[in-house]
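Chain letters run A, B, ... following the sequence lines, proteins first, then strands; residues in each count from 1. Please read all numbers here as calculations on a predicted model, not as lab measurements.
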Amino acid sequence: MEYFIETYDLTKKFTLQKGFTDFLMHPFRKDEITAVEKVNIKIGKGELFGILGPNGAGKTTLIKLLCTLILPTEGTAYVNGYNIAENSGKVRESTGFITADERSFYWRLTGRQNLKFFASLHNFYSHDAQKRVDELLNIVGLKNRADDRFLSYSAGMKQRMAIARGLLNDPEVVFMDEPTKGLDPGAAQNLREFIKERIVKEQGKTVFLSTHHLGEAEQLCDRIAIIDEGEIRVIGSPEELKSELDKPNSTLDDVFIHYTGKEFKEEVAPKHPYSERRRMMREGRRGMMRGGRIGGIRF
Amino acid sequence: MIYKKAFSFIKRDLILATSYKFEFFLRLFFMFFSILTFYFVAKLIGGAGVQYLEPYGGDYFSFVLIGIAFSGYLMTALRGFSESIRGEQMMGTLEAMLVTPTNTSTIITLSSLWSFIFTSFRVLVYLLIGVFLLGVDMSDANLFAAMVILILTIICFSSIGIISASFIMILKRGDPINMLFMSTSELFGGVFFPIAVLPGWLQTVSHILPITYSLSGMRHALLQGYSLHALAPDIIALAVFSVVLVPLGLLAFKYGVKKAKVDGTLIQY
Ligand SMILES: Nc1ncnc2c1ncn2[C@@H]1O[C@H](COP(=O)(O)OP(=O)(O)OP(=O)(O)O)[C@@H](O)[C@H]1O
Ligand SMILES: [Mg+2]
């Protein structure tokens with residue numbers, strides 16, 4: 001079987017920046033932090049692979065290594081058969097990267113202008129770019145709002161734009177770093193369905209995503225790798241992982257505790273007195289507008 | 001296809017610049033003020049420094065107009081590249097650009113194109129106001145020679161700007177190249193007064209700065225219409241600087257990107 005992502009002992013150590021006094025006291029001491037340690041994974045075509053771990057586990061670092069944004073300290077990796085260090089241009093040509101960072105767009109340009117600009121960085125120009133951008137706006141259901149400024153979009157729409165951008169070059173492999181971060185539960189659910197149905201099943205892409213939601217990983221992923229303190233503790237399908245425990249009716253929670261020795265705390269959204277009211281108002285507005293809206297996935 | 005890519009960067013920056021409409025017009029408006037200041041300074045000086053100004057036609061206002069106009073390119077180059085990196089780092093858009101197949105040096109170069117276009121526009125406005133409103137005489141100008149000097153100037157200054165940007169990439173702030181050139185160029189480069197005014201030992205400093213040759217060449221070409229042949233000393237000096245600075249800039253930049261990718265600091269600010 002041919003693999004789309006392969007890593008061999010992929011390791012990333014960061015040298016910590018020293019403060020001035022530290023530097024004077026121990027000028028030759030090197031403080032290192034190992035963000036990713038000896039990671040070995042193989043991911044095949046059309047697979048939806050999830051990397052699950054708590055904050056600081058090394059998920060983002062691993063994704064950035066594979067996207068060629070940072071260089072490994074040791075080990076190698078191949079994406080689409082290209083070495084990430086030696087052939088990074090080729091890797092970038094055939095991959096897409098989707099962050100949850102909404103600042104990664106030009107807020108004063110419209111959604112369409114943003115996409116067209118990034119299309120030109122992928123070497124799509126004028127007519128080709130136009131066509132590609134229209135296609136993607138359709139796919140993510142943002143055609144109607146494409147000519148509004150990016151700053152006027154909701155978090156969910158911004159995230160849809162990020163997805164459209166990540167698909168501009170029709171990549172074989174799509175990396176997603178916490179794609180549902182900052183979305184309300186309903187929107188997150190819609191996005192998960194979108195990833196599974198349209199990106200993986202319909203378009204046949206290989207998806208590598210990171211998450212710290214157990215439920216998300218379980219619902220979405222064909223296989224999960226649990227990462228903690230930079231090391232992969234275990235890899236397998238959610239069912240495999242659960243059945244391997246000697247415990248009846250075990251949950252992914254149990255799996256996580258078993259392999260990391262840690263309790264997994266799902267992030268709880270901070271309670272805000274107005275947030276519930278705002279949500280209701282939004283719902284109300286949506287309700288009113290429902291009639292005029294064309295179909296498409298909303299998240 | 002590089003020109004199409006360039007066009008899309010310019011379009012992006014034009015939309016961004018004009019989206020801050022007030023600032024855009026304010027900048028245009030205040031350009032007139034600095035010119036007028038020097039116009040009156042020149043009036044005050046009258047024929048005072050004429051023995052120093054003789055090699056440039058003798059008129060202080062014409063002299064200083066070209067000085068402030070074209071030194072703008074140095075400022076733009078020094079700030080343009082590093083500011084475009086820092087700006088994208090701050091906005092958070094740098095990472096999104098770096099995951100595309102377009103390589104980093106192309107991204108940085110094209111990102112600063114807009115500042116060069118804006119600077120060129122400003123230079124043009126300065127010169128037009130000077131010639132048509134304030135009596136600067138450029139009837140003999142050798143435009144072709146001026147163009148040659150301009151291109152060499154931009155190449156030299158850009159290389160310095162790229163070296164400065166490489167420092168920014170690693171140090172984030174306080175890069176020495178920028179400070180060095182910013183602080184020395186006005187004093188030693190002959191922007192406001194001919195370097196002949198300086199004591200001999202200070203003039204040595206002037207001779208190691210590209211801006212000195214660029215301004216001297218530009219003045220001779222625009223005010224006195226020197227031929228390419230007569231401009232050879234300045235042109236050769238600028239060419240030598242280019243030959244040294246261009247590879248140095250590319251090397252520094254390559255090293256900067258690599259270091260930032262190892263440290264994982266490419267997108268921090
Ligand atoms: N540029 C850097 N310099 C130094 N240390 C870094 C750098 N980037 C990440 N780290 C460290 O590497 C470790 C892994 O970080 P990473 O961002 O990959 O975690 P993560 O799993 O994505 O966490 P989160 O869920 O919070 O996003 C952390 O301890 C972090 O402090
Ligand atoms: Mg992360």
Side-chain angles (χ1 to χ4, degrees), chain A residues 12-17 33 35-36 60-61 63-73 85 88-99 101-110 113-114 116-126 128-129 149 151 162 165-166 168-169 171 175 177, chain B residues 1-21 23-24 84 87-111 113-114 170-173 254-255 257-269:
Chain A
K12 179 71 203 178
K13 296 191 173 107
F14 288 113
T15 313
L16 289 180
Q17 298 273 347
I33 175 170
V36 168
T60 301
T61 307
I63 288 186
K64 283 188 182 168
L65 280 167
L66 295 174
C67 288
T68 78
L69 284 171
I70 50 182
L71 284 166
T73 316
S88 62
K90 286 282 184 200
V91 172
R92 290 195 295 268
E93 251 170 48
S94 54
T95 54
F97 174 53
I98 297 165
T99 43
D101 186 1
E102 53 181 36
R103 294 189 316 133
S104 66
F105 281 91
Y106 299 97
W107 283 39
R108 300 181 80 91
L109 300 189
T110 67
Q113 286 166 345
N114 265 293
K116 280 187 75 178
F117 173 70
F118 285 104
S120 79
L121 294 175
H122 281 292
N123 305 319
F124 286 103
Y125 306 100
S126 37
D128 294 346
R149 280 194 185 180
L151 52 84
R165 181 177 63 192
L168 273 172
N169 55 336
F175 293 98
D177 193 13
Chain B
M1 284 304 157
I2 189 72
Y3 72 95
K4 283 192 175 172
K5 203 168 277 191
F7 179 71
S8 94
F9 273 81
I10 292 169
K11 194 170 153 198
R12 173 199 73 177
D13 292 329
L14 181 66
I15 299 171
L16 284 175
T18 48
S19 82
Y20 297 94
K21 287 188 192 64
E23 192 214 3
F24 191 70
S84 76
E88 306 283 352
Q89 278 175 336
M90 304 262 240
M91 275 194 283
T93 41
L94 187 59
E95 198 173 59
M97 295 206 263
L98 293 176
V99 292
T100 65
T102 304
N103 61 37
T104 315
S105 41
T106 310
I107 291 174
I108 300 305
T109 310
L110 296 185
S111 286
L113 259 187
W114 168 253
I170 298 165
L171 300 174
K172 307 302 159 196
R173 293 185 95 155
K254 220 172 154 181
Y255 177 77
V257 172
K258 179 137 191 232
K259 176 98 173 66
K261 278 193 174 188
V262 166
D263 293 347
T265 52
L266 206 49
I267 57 145
Q268 293 168 356
Y269 52 87

Under 4.5 Å from a heavy atom of chain B, the part of [X] involved:
X	result
A:Thr99	side chain
A:Lys12	side chain
A:Ser94	neither
A:Gln113	side chain
A:Phe105	backbone

Between the side chain of [X] and the main-chain N/O of [Y], is any donor-acceptor distance below 3.5 Å?
X	Y	answer
A:Arg92	B:Val99	no
B:Lys261	A:Thr68	yes
A:Trp107	A:Glu102	yes

* Asked: If you measure from CD on A:Glu93 to OG1 on B:Thr102, what distance do you get to the nearest 0.5 Å?
  ->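 Nearest 0.5 Å value for the CD-OG1 distance: 9.5 Å.
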Quick check for you: among [options], which has the greatest number of heavy-atom pairs under 4.5 Å with chain B?
options	answer
A:Asn123, A:Asp101, A:Asn169	A:Asn123
A:Phe117, A:Phe14, A:Phe118, A:Phe97	A:Phe117
A:His122, A:Lys13, A:Lys116	A:His122

* To do: Identify which part of B:Phe7 has an atom lying under 4.5 Å from any heavy atom of chain A, answering side chain, backbone, both or neither.
  => neither
* To do: Indicate whether the side chain of A:Arg149 and that of B:Ser19 have a donor and an acceptor atom separated by less than 3.5 Å.
  =>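 B:Ser19 and A:Arg149 do not have a side-chain donor-acceptor pair below 3.5 Å.
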* Under 6.0 Å from the NZ atom of B:Lys5, do we count more than 12 heavy atoms belonging to anything else shown? ->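 Buried by this count: over 12 neighbours within 6.0 Å.
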* Asked: Closest approach of A:Leu71 and B:Val262, non-hydrogen atoms and distance?
  ->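 Here A:Leu71 and B:Val262 meet closest at CD1-CG2, 4.0 Å.
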